[in-house]
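This report refers to the structure that appears directly beneath it.
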Protein chains: 2
Amino acid sequence: MVGDRLPSETELAEQFAVSRSTVREALKRLAAQSLIRTRRGATGGAFVNHLSYDAAHAQQITTGVLLLSMNAIGFDVACEARFAMERACAPLACARRSEDHLQAMQAEIARQSDPALSDEAFCASDVAFHRALVDAAGNPVLSWQLSGAIEAMQPLMNMITFTARDRARIVALHSRIAATVRSMEAAACDAALRDLESYTVEVHAAVMARRALTARAT
Amino acid sequence: MVGDRLPSETELAEQFAVSRSTVREALKRLAAQSLIRTRRGATGGAFVNHLSYDAAHAQQITTGVLLLSMNAIGFDVACEARFAMERACAPLACARRSEDHLQAMQAEIARQSDPALSDEAFCASDVAFHRALVDAAGNPVLSWQLSGAIEAMQPLMNMITFTARDRARIVALHSRIAATVRSMEAAACDAALRDLESYTVEVHAAVMARRALTARAT
DNA sequence: CCTGTTTAATTGTCGGACAATTGATTGTCC
DNA sequence: GGACAATCAATTGTCCGACAATTAAACAGG
């Protein structure tokens, strides 16, 4: 059970008739999956860990980033998946959004409107905006899955961020999304997300085309 | 880079001025995340692992199962998240489904129609059916996310499977879903999934009510 | 009753040793 | 020269013993 203490390393070694080193290596594997946490000292030992949303979220992100980077996932495929999932929680968000979530989205939009904002901060704010949107759906499982997916795809998205993105247009789309969530218009929210998706794909295509051109020139 | 070999344990120990035991414990942590794989022998060592969809899928499931079991996720919440994501890929599945996917779905429906099928096998076939549905969307990222979520929620679903589920009704709903995917009617497919979701919630509520009754009786 | 000290239990690290595995090398025979 | 067997060397896997670091509990003193 969560919080239970495992036998000490010495006891485990005796119990399984292996050395303490081997037990330790095994425990490290469990610790790496954050299934246990260890504490030193008199009342120390290995304890069954409570898997928090944060820990699960972090694991989700690392797995996602690796999967995307190691399997030559196309931008279109990743983008499609991301927006498909985000649209999935749009109706829920429209139905259940609280004032907190609306304000969080509005705050990010305000931040993004500042021209002095650095590219990195704009990116982070973008993530925070979409995170607020999925959180508005009020389903922690959905939030966990989606925010992990969104953040995992952030490196891919960054490829295009620093070059060709029109901030004003992004902010306008974000505002449209926030407005539809506020007015609980699920269909309009869906449409706005579709527009944001097509714009993202469009920007990516433009960047790719320009790159191909400069590559040919050299 | 993927496939690259790390320095040998002895070399790493020298490089970081720690003992080989400590290096090994660290490597075990990486191995637990399947970031590396180790091979013994002359040309052995630790190699940067290629994260396959299967490995990522397995990790997704274990994380999901633990998260659900350790955070007292309500059945309704899990169910809502699952069907929200599944509905997200329904339009894509309708647009892109190949004959293979249609046949896979049909095969599972046929299997489920056999009254002699054990409850466990019916469950497995259920998972396979929905897996075929998300695969029909033709987006590997979506498949990875969704099939992981579906399988993670299977233990929760099993709670109700062995008691109150009306197989004929499930099979009828599956048939409806398969038919709408075949005829590429995204809206009808969405509606069929909604019906399946409400039936699932309904069955769960019935089971809970009955349990509360028997608990009061004792 | 409070405070500081000691003590015991436990994990963290180290170094050395040997077994198991496996590819590469070498040697032998045809 | 080629096929096959024996040997070798590098590497991971396991074990053991020792000690340091840490921590909470038990204890002693005022």
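Because only heavy atoms are used, hydrogens play no part in the values below, and waters and symmetry mates are left out as well, while side chains stay in. To find a chain, count down the sequence lines: A is the first, B the second, and so on, and within it residues start at 1.
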| request: Apply the test side-chain hydrogen bond (donor to acceptor under 3.5 Å, both in side chains) to residues Q59(B) and S34(B): give CA-CA distance (whole Å), side-chain angles for both, the deciding distance (0.1 Å), then the verdict. | output: CA-CA 9 Å; Q59(B) 282 188 12; S34(B) 54; 2.9 Å; yes
| message | Using the rule given for side-chain hydrogen bond (donor to acceptor under 3.5 Å, both in side chains), can you reason through H174(B) versus Q112(B), listing the C-alpha separation, both sets of side-chain angles and the distance that settles it, and then say yes or no? | response | CA-CA 10 Å; H174(B) 283 178; Q112(B) 291 162 17; 2.8 Å; yes
| request: Any chance you could lay out the salt bridge (charged side-chain N to carboxylate O under 4.0 Å, His left out) test for K28(B) and E25(B), step after step, and finish with the verdict? | output: CA-CA 5 Å; K28(B) 289 295 172 191; E25(B) 289 178 10; over 6 Å; no
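To the nearest angstrom, C1' of dT11(C) lies 15 Å from CG of L30(A). The interatomic distance linking R29(A) (CZ) with dG13(D) (C1') rounds to 12 Å, in whole Å. A straight line from CD of E25(B) to P of dG13(D) spans 13 Å, rounded to a whole angstrom. Rounded to whole angstrom, the span from the CZ atom of F47(A) across to the P atom of dT23(D) amounts to 13 Å.
Taking the charged nitrogens against the carboxylate oxygens, R167(B) and D119(B) do have a contact shorter than 4.0 Å, which makes a salt bridge. Ion pairing between R87(A) and E80(A) fails under the 4.0 Å rule for side-chain N and carboxylate O. With salt bridges taken as basic N to acidic carboxylate O contacts below 4.0 Å, none links R194(A) and E86(A).
Nearest to the side chain of K28(A), among dG13(D), dC16(D), dG12(C), sits dG12(C). Distance from the side chain of R24(A) is smallest for dG12(C) among the nucleotides dC14(C), dG12(C), dG13(D).
Residues M105(B) and D100(B) have side chains not in contact (no heavy-atom distance under 4.5 Å, counting atoms from C-beta outward).
Pair assignment for dT7(D): dA24(C), on the basis of Watson-Crick or G-U wobble contacts that are both within less than 3.5 Å.
Of the inter-residue distances, the one linking L67(A) atom CG with Q60(A) atom CD reads 10.5 Å to the nearest 0.5 angstrom.
Taking only distance into account, the side chain of S21(A) meets the base of dC16(D) through a donor-acceptor pair shorter than 3.5 Å.
Scanning residues 4-14 of chain A for heavy-atom distances under 4.0 Å to DNA chain D yields an empty list.
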| Footprint string (nucleotides 17-22 of chain C, 5' to 3'): B base within contact, S backbone only, - free, heavy atoms under 4.0 Å | B--SBB
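Pairs of residues two or more places apart, or lying in two chains, that qualify as side chain to side chain donor-acceptor pair (under 3.5 Å) and include a residue from residues 35-45 of chain A are R37(A)-N49(A).
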